[in-house]
Each structure stands twice: as structure tokens, then as C-alpha cells.
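The figures here come from the full heavy-atom set of this structure, side chains too, leaving out hydrogens, waters and symmetry mates. Chain letters run A, B, ... following the sequence lines, proteins first, then strands; residues in each count from 1.
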Protein chains: 2
Amino acid sequence: MDVARIAGVSQKTVSRVFNDEPYVSAELRRRVLDAAEELGYRLNNAARALASGRTRSIGVVTLGTALYGPASLIMGVERAVRDMGYALRVVNTVEGDPAGVVGAVDSLLDQGVDGIVISEPIDDGRDGDLAARLDVDVPVLVLGAPPFSAPRSLVAGVGADVMARTATEYLLDLGHVTVHHLAGPQRWFAARDRAQGWRSALVGHGRAVPPVIEGDWSAASGYAAGRRLASDGDVTAVFTANDDMAIGLIRALTEAGRRVPEDVSVVGFDDIPVAAYVTPPLTTIRQLFDVVAQDGIKRLVHTIENPQADPLPASEPPVDLVLRASTAPPPTRAPLGRGRRRTASRPDGCGPAPPAETMVPAQN
Amino acid sequence: MDVARIAGVSQKTVSRVFNDEPYVSAELRRRVLDAAEELGYRLNNAARALASGRTRSIGVVTLGTALYGPASLIMGVERAVRDMGYALRVVNTVEGDPAGVVGAVDSLLDQGVDGIVISEPIDDGRDGDLAARLDVDVPVLVLGAPPFSAPRSLVAGVGADVMARTATEYLLDLGHVTVHHLAGPQRWFAARDRAQGWRSALVGHGRAVPPVIEGDWSAASGYAAGRRLASDGDVTAVFTANDDMAIGLIRALTEAGRRVPEDVSVVGFDDIPVAAYVTPPLTTIRQLFDVVAQDGIKRLVHTIENPQADPLPASEPPVDLVLRASTAPPPTRAPLGRGRRRTASRPDGCGPAPPAETMVPAQN
DNA sequence: ATGAAAGCGCTAACAT
DNA sequence: ATGTTAGCGCTTTCAT
């Protein structure tokens with residue numbers, strides 16, 4: 001090609017220069033670089049991919065939402081992927097999309113990626129046998145879901161159960177007799193994981209396991225759940241599967257005259273940016289999305305580049321319980337009894353909360 | 001290739017089948033499809049790109065944040081890009097990243113994209129002359145920033161000034177003498193746009209223009225600003241450049257004993273999912289991210305595929321002011337005067353807010 | 001340390 | 001309606 005001609009070298013030498021291969025004299029390297037500069041030359045990726053059979057790109061399948069968790073995870077993935085010298089291709093699936101995850105993976109495969117990341121897949125019944133319906137010839141990293149019996153598949157970002165258990169146990173330690181759970185949609189593995197951790201904490205302490213209330217991650221669904229829970233005087237503590245729902249829940253409780261945290265304690269999950277500033281500031285589990293993403297991508301790239309080698313071991317993310325003002329010991333007075341208590345009185349349960357914030361870090 | 005051999009046709013016929021080109025008999029099409037199925041064949045994108053000179057992919061440069069606005073915009077972009085039959089490549093820039101937008105664009109160009117989307121670029125002084133330092137040979141769509149003198153560049157998602165003006169005028173119409181503004185970081189075009197709209201509303205009504213307070217989009221910065229504003233009795237209305245800051249602001253005001261909306265009205269921007277459920281539910285400007293993204297991408301693809309043709313006209317997004325409970329007429333009593341009034345009293349300004357919510361749609 | 005030749009799997013342009 | 005012939009711009013393999 002042109003650069004080779006102008007520099008007066010062979011095409012292969014140009015290739016060597018641009019691939020940082022050894023065995024090029026400084027002299028030639030200079031000439032090539034100069035010629036390239038002059039021509040505004042850049043390596044053609046398509047040709048490279050065609051000749052080498054590798055695209056140096058990783059595809060990620062994500063849910064098409066701006067939910068804080070998934071969005072943060074994607075940001076972490078992008079960074080990690082780029083740090084490893086790969087390009088990122090993104091496809092998102094929409095809930096209810098007929099093609100679903102399988103279709104998304106397929107389109108990524110069409111595009112010729114070297115590896116695939118599936119972030120927070122949901123189990124809509126069709127994808128249950130994901131592994132079976134997906135024949136993938138590249139390594140796959142599943143984020144926030146159980147492993148998946150493909151040939152070279154990895155998992156990261158599970159462990160929400162431990163975090164959920166920590167949150168629940170914290171509430172029990174405050175003296176609550178039991179803890180209710182406002183769960184995420186159970187089609188999400190992440191939601192099931194959290195419910196599981198909550199349940200195991202209760203069982204482990206010999207407590208009653210109240211029925212789970214299922215939301216859809218939205219503040220609106222938290223609000224709806226809150227209206228139901230508010231009328232049940234036995235409810236003194238709720239562990240919520242994400243912060244948005246916790247905020248909706250708190251609003252409903254407050255409107256119903258049940259003060260948070262005096263009457264009811266609430267723990268969220270995620271530590272979204274506004275969590276410290278809502279009323280009352282939210283006690284919540286902080287997720288370390290970048291750490292999870294980086295660990296996962298490192299292992300994925302390792303598997304891509306060393307097809308034969310054993311996969312790298314996963315690192316366990318720490319558990320961060322951020323203590324703020326939405327939790328307190330249960331009310332000392334006897335519980336309200338079974339009767340419905342629904343007042344229309346103006347709530348006053350949103351007093352000033354200490355800006356103080358305590359961390360209970362790394363439990364594992 | 002193999003498929004051609006097995007189907008007993010020429011390679012070109014296979015190509016035609018997979019590109020939905022005309023002039024293939026149903027008979028041959030079947031044979032080709034069968035052979036492909038049997039072999040698990042899929043078009044090789046790299047070869048295709050190499051031969052055709054087009055990659056059918058679009059690259060997007062985004063900020064590496066999970067902020068609701070940018071994240072929503074990206075989701076919209078992904079959807080729109082895929083609907084147009086293109087693949088999406090993503091690179092994010094980190095604030096303070098030495099390479100910045102220019103570097104990101106460059107890496108996209110290396111990857112061989114057909115078009116580029118730059119989402120919410122920030123002007124860090126170095127990128128001021130973006131156009132100059134960026135020589136791009138593909139069409140560029142800039143989202144949420146002023147045009148940009150590259151050969152084939154388009155703009156979408158500006159118009160925040162109109163929305164900001166609407167918000168400000170709404171507060172003036174409620175009877176407030178003036179409106180303060182808690183702005184986003186002025187390196188962001190979006191933040192400047194909103195400040196501009198606010199300013200022009202005040203000037204247009206002959207009102208005093210108070211000094212701008214600059215935040216960083218975070219609830220924390222809104223809280224800090226709120227502590228300052230709370231001590232100024234003249235402040236009865238604040239227009240905030242995003243909802244997160246509004247939430248922080250409200251918390252600070254509330255803690256300082258200034259009730260929202262009785263003493264101070266607050267309008268946010270974005271309509272984040274929890275906006276309707278915080279205390280008090282937030283009056284805010286809703287941004288229609290998908291609409292903006294879709295419109296922009298449509299025009300970008302048009303420019304990619306019709307290099308000679310005139311660009312498609314941009315469509316103006318409507319302005320949606322969502323009325324909730326954080327706004328009210330100013331207090332009827334005389335303003336508190338210039339004196340500092342900082343009480344430590346327990347606030348009670350977070351009463352139940354009507355779930356009702358009114359929309360003031362399309363102002364342009 | 002450098003180069004020559006072949007070919008990756010497609011599409012473009014031109015037959016037929 | 002279908003086939004033929006040339007590359008696209010690299011990397012690979014093998015010489016030198």
C-alpha cells in the first residue's frame with residue numbers, strides 16, 4: 001500500500017510497526033511513521049479482522065433501562081473493556097422483546113465479537129434454558145446471574161444474597177421481630193438473589209418469614225407496596241430490593257402517618273446518588289459496580305486470549321452497608337395490633353436527619 | 001465458499017440472498033438458505049466491511065456517568081441505531097481524561113464507524129475548538145451541544161433554554177418576585193443552555209437576575225447550595241438544573257426550617273423516576289430522551305446514506321412541565337428581610353402531597 | 001532484520 | 001435471473 005511505497009519498505013514492515021512487533025530497525029520505524037503521518041494513515045480494522053480472525057471487540061447485552069444499577073454496571077464494563085484494549089459493542093434488549101437475549105447475542109455474533117457480556121439477564125421463561133438455545137463459540141461473561149452451562153462461560157456480580165442477608169440481619173439486630181421484604185420482579189435473577197438472602201437471614205434467626213411483596217424496581221411500585229404495608233401494624237422493618245422502591249415506599253408510609261424510622265425502618269439497595277439526600281436519608285447497601293465489572297472483564301479477556309488455560313478465579317466483592325437515618329430500633333410501645341390504622345393526619349416523620357453516615361464495610 | 005458449493009450456486013448468489021437483493025429465484029433462495037442453515041453459516045462482517053467500505057456501525061462518545069440524563073440518552077441512541085439497522089460502538093470519556101472527546105472520536109474512527117454521535121460533550125477548555133482538532137471524515141451528530149463546524153455535522157437535543165424559560169416563567173406566574181438558579185457545571189453546554197433560558201425569562205419580565213449558584217449535578221452539591229440559600233430570606237423560588245440537585249437542595253432547605261413549597265418553591269429538570277415520590281413530589285421539566293435520540297439518529301443515518309443530499313430538518317422537542325407539589329405561590333407575609341434566619345427547629349414542611357400531577361405540555 | 005506471496009470472505013462491476 | 005473476475009487492506013507463512 002501507499003505507506004509502504006512512500007517509506008520504501010514492504011507492506012509487512014508497516015504491519016510490524018503498527019503492531020509493535022519486534023525486528024524493525026529504528027530507522028525503518030521512523031520512515032514508516034513519517035509516511036503514515038503524512039498520509040493520515042490508520043490501520044483498517046475490517047481488513048485486520050478479516051485476516052486475523054479476531055475483531056478485538058467485546059459485545060455487551062444489556063437491558064434497555066436507565067436504572068441506576070444496570071447503567072452503572074455498563075459504565076464499568078465499558079471502562080474495563082477499553083482498559084484491556086478492546087472495543088465495545090452494545091445491544092440492548094427490551095423486556096417483552098420477542099427476540100430477547102438470544103436475539104441480542106445472535107446479533108453480536110453476527111457482528112463478530114471475540115467475547116460477550118450478558119448483563120443482568122431476566123428470566124422470562126423463554127430464556128430459562130438460555131444455555132441450550134444459545135450456541136456460542138466465544139467466551140461469555142454473565143453479570144448478576146447464575147452460571148450458565150455454555151462451554152466457556154464465566155460469572156460475576158452475584159453475591160447479592162450475602163448483601164441482602166447483611167441488611168436483614170442489621171434490622172434484626174436493631175431489635176425488629178421480623179423484617180418484611182419488598183422484592184424486585186422475580187424474573188430478575190438479581191431480585192431472586194436478594195429475596196433469597198433476606199429469607200435465609202430470617203430463617204437463620206428462627207423468625208417468621210412474611211410474604212414477599214413484589215415490585216418492579218420503580219418508585220411507583222414501592223409506593224403501591226407502601227400503601228398496603230402501612231395498614232399492617234406488625235410491619236416495623238422493610239428491606240427493599242432497590243433504592244427507588246424504598247423511596248416510593250417511604251413516601252406511602254409517611255402519607256399514611258407511619259413515621260420512618262420511628263415507626264418503620266427501611267433499608268434500600270444500590271446507594272443511588274440521591275439516597276443520602278432524600279427524607280429521611282436512606283440506609284442502604286452500596287454496590288461496587290466498577291469492581292464487579294472490572295473483575296469480570298479481566299477474566300473474560302483472559303479466557304479469550306488463553307483459550308486453553310484455566311479461567312482466572314473470581315474475586316468476591318465486599319459488602320458495604322451504609323447506615324443513614326431510615327433505620328432505628330422498633331417502636332417501644334406495643335405493636336398496633338391487627339386493626340387497620342389509616343390516618344389522614346399530617347405526617348411529621350421527616351425531621352432533620354443527621355448528615356452523619358456510617359459505613360459497615362466488608363463482611364466477607 | 002462452502003455454502004455456495006453445497007447449494008450448487010455461485011458465491012454471488014449467496015451474497016444476494018443474504019443481502020435481500022432482488023433477482024434470486026425462490027428455488028435458489030431456498031437451496032442457499034438450507035445450505036446455510038446446515039452449516040451454521042453467518043455473514044462475516046469484517047469481510048463485508050472490507051469489501052464494501054462500510055461497517056454499518058455508528059459510534060457514540062458518552063460521558064462515563066450513570067447520571068439519569070446521559071444514561072437515558074444513550075439508551076435512546078442504542079434503540080434508534082438498532083432500529084436503523086446499524087450496530088453501536090461505545091466509548092466513554094472521563095472528566096479530566098487527557099485524551100478527552102478528541103481521543104474518543106479518534107478511537108472510534110480507528111474502529112471504522114460510518115457515523116459518530118457525541119453525547120453531551122463538556123467544554124473543558126481544550127475541547128472548545130473541538131471542530132478544529134477533530135478531522136472527521138464521517139458525519140457527526142452532536143447531542144445537547146451547539147453545532148460544530150465540521151463538514152457534515154448535525155445537532156439534536158438542544159432547546160433546554162426554552163424548557164428552562166418555561167420553568168422560570170411558571171414560577172414568576174405563581175407570583176414570585178424573582179427566581180434563583182442552581183445551575184449545573186458551566187463546562188456543560190446543557191448547563192449553560194438552562195442557565196441561559198432562566199436568565200432570559202427573568203430579563204424578559206424585567207426582573208432582577210440573582211447570581212447563579214453552580215453545582216455539579218449531584219444531590220450533594222444541591223445540598224451545599226441549599227444551605228447557602230436557606231439563610232437568604234429573599235429566596236422564594238429556585239429553578240434547579242437537574243432533579244438530583246433539587247432533591248439535595250430541598251433537603252437542606254427543610255433542615256434549615258424553610259418549608260417547600262410554602263416558603264420556597266423548587267423546580268427541577270429531567271423528571272427522574274423517583275421525582276414523583278420524594279418529599280415533596282417534585283415539579284420538574286420532563287425531557288423526552290428517546291424522541292431526541294431517535295430524531296437525531298434518523299438524520300444521522302440519512303446523512304450517512306445520502307452523502308450528497310441536504311440534511312433532514314430537525315424536529316423540535318415539545319416542552320413538558322410536570323406540575324407536582326414542590327411549587328406554590330410565594331408566602332403572603334412580607335419577606336423575612338435581609339436578616340439571617342436559621343432555625344434549628346424541626347421542619348414540618350413535608351406534608352402529604354396530592355398524588356395528582358398536572359402536565360403542561362408542548363409549548364412550542 | 002526484512003520481504004514476497006497467498007489468501008482471509010466478502011462485494012462491485014461487469015458479463016451472460 | 002445468475003455467474004465471473006477482481007480486488008478491499010490487512011496478516012500469515014515462509015524465504016532470505
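- At whole-Å resolution of the value, CD in A:Gln11 and C1' in D:dC8 are 12 Å apart.
- The residue among A:Gly8 and B:Asn19 whose nearest nucleotide of DNA chain C is located toward the 5' end is A:Gly8.
- Distance from the side chain of A:Arg48 is smallest to D:dT11 among D:dT11, C:dT11, C:dT2.
- Each of A:Ser52 and B:Lys12 was matched to the nucleotide of DNA chain C holding its nearest heavy atom; the match closer to the 5' end belongs to A:Ser52.
- Residue A:Arg16 places a side-chain atom within donor-acceptor reach of the base of C:dG3, judged by atom type and a 3.5 Å distance cut-off alone.
- Here D:dT2 presents its P atom at 9 Å from CD of B:Glu27, a figure rounded to the nearest Å.
- Atom OG1 of residue B:Thr65 and atom CD of residue B:Glu120 lie 9.0 Å apart, to the nearest 0.5 angstrom.
- Applying the 4.0 Å criterion to OP1 and OP2 of D:dT11, one finds that A:Ser15 has a side-chain N or O inside that range.
- Annotation: of the two residues near DNA chain D, B:Ser10 and B:Ala47, the 5′-most nearest-nucleotide partner is B:Ser10.
- Nearest to the side chain of A:Asn44, among C:dT11, D:dC10, C:dG3, sits D:dC10.
- Atoms CD1 and OG1, from B:Ile118 and B:Thr93 in turn, are 9.5 Å apart once rounded to the nearest 0.5 Å.
- You'll find that the side chain of A:Tyr41 is closest to D:dC10, out of C:dT2, C:dG9, D:dC10.
- Heavy-atom distances under 4.0 Å link DNA chain D to no residue of residues 28-40 of chain A.
- Here D:dG9 presents its P atom at 13 Å from CZ of A:Arg5, a figure rounded to the nearest Å.
- Of the candidates D:dC10, C:dT11, C:dT2, C:dT2 carries the atom nearest the A:Val24 side chain, counting heavy atoms from C-beta on.
- Residue A:Ala51 has its side chain nearest to C:dC8 when only C:dG9, C:dC8, C:dA13 are considered.
- Atom CZ of A:Arg54 and atom P of D:dC10 are 17 Å apart (whole Å).
- The distance between atom OH of A:Tyr23 and atom P of D:dA15, rounded to the nearest whole Å, is 18 Å.
- Taking atom CZ of residue B:Arg42 and atom P of nucleotide C:dC8, one finds them 20 Å apart after rounding to whole Å.
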Would you mind writing out the side-chain donor-acceptor pairs for residues 82-91 of chain B within the sub-3.5 Å range, not counting sequence neighbours?
from, atom 1, to, atom 2, distance (Å)
B:Arg82, NE, B:Glu78, OE2, 2.9
B:Arg82, NH2, A:Asn92, O, 2.6
B:Tyr86, OH, B:Arg54, NH2, 3.0
B:Tyr86, OH, B:Glu305, OE2, 2.8
B:Arg89, NH1, B:Gln111, OE1, 2.7

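- Here the CG-CG distance, from B:Leu108 to B:Asp114, works out to 11.0 Å after rounding to the nearest 0.5 Å.
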Under 3.5 Å, side-chain donor or acceptor atoms of residues 23-30 of chain B against the rest of the protein: list the pairs with distances, not counting sequence neighbours.
from, atom 1, to, atom 2, distance (Å)
B:Ser25, OG, B:Leu28, N, 3.2
B:Glu27, OE2, B:Arg31, NH1, 2.8
B:Arg30, NH2, B:Asp34, OD1, 2.8

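- Not one side-chain nitrogen or oxygen of B:Ser25 sits closer than 4.0 Å to the OP1 or OP2 atom of D:dA1.
- Summarising the geometry of B:Val292 relative to B:Leu73, their closest heavy-atom pair is CG1-CD1, 4.4 Å, with the distance given to 0.1 Å.
- Here A:Leu141 contributes atom CG and A:Asp295 contributes atom CG; the two are 8.5 Å apart, rounded to the nearest 0.5 Å.
- C:dC8 atom C1' lies 15 Å from atom CG of B:Leu43, rounded to whole Å.
- For A:Tyr41 and A:Phe18, the ring centers sit closer than 6.0 Å to each other.
- Closest to the side chain of B:Leu50, out of C:dG9, D:dT11, C:dT11, is C:dG9.
- Across all strands shown, A:Asn45 has no heavy atoms under 4.0 Å from either base or sugar-phosphate atoms.
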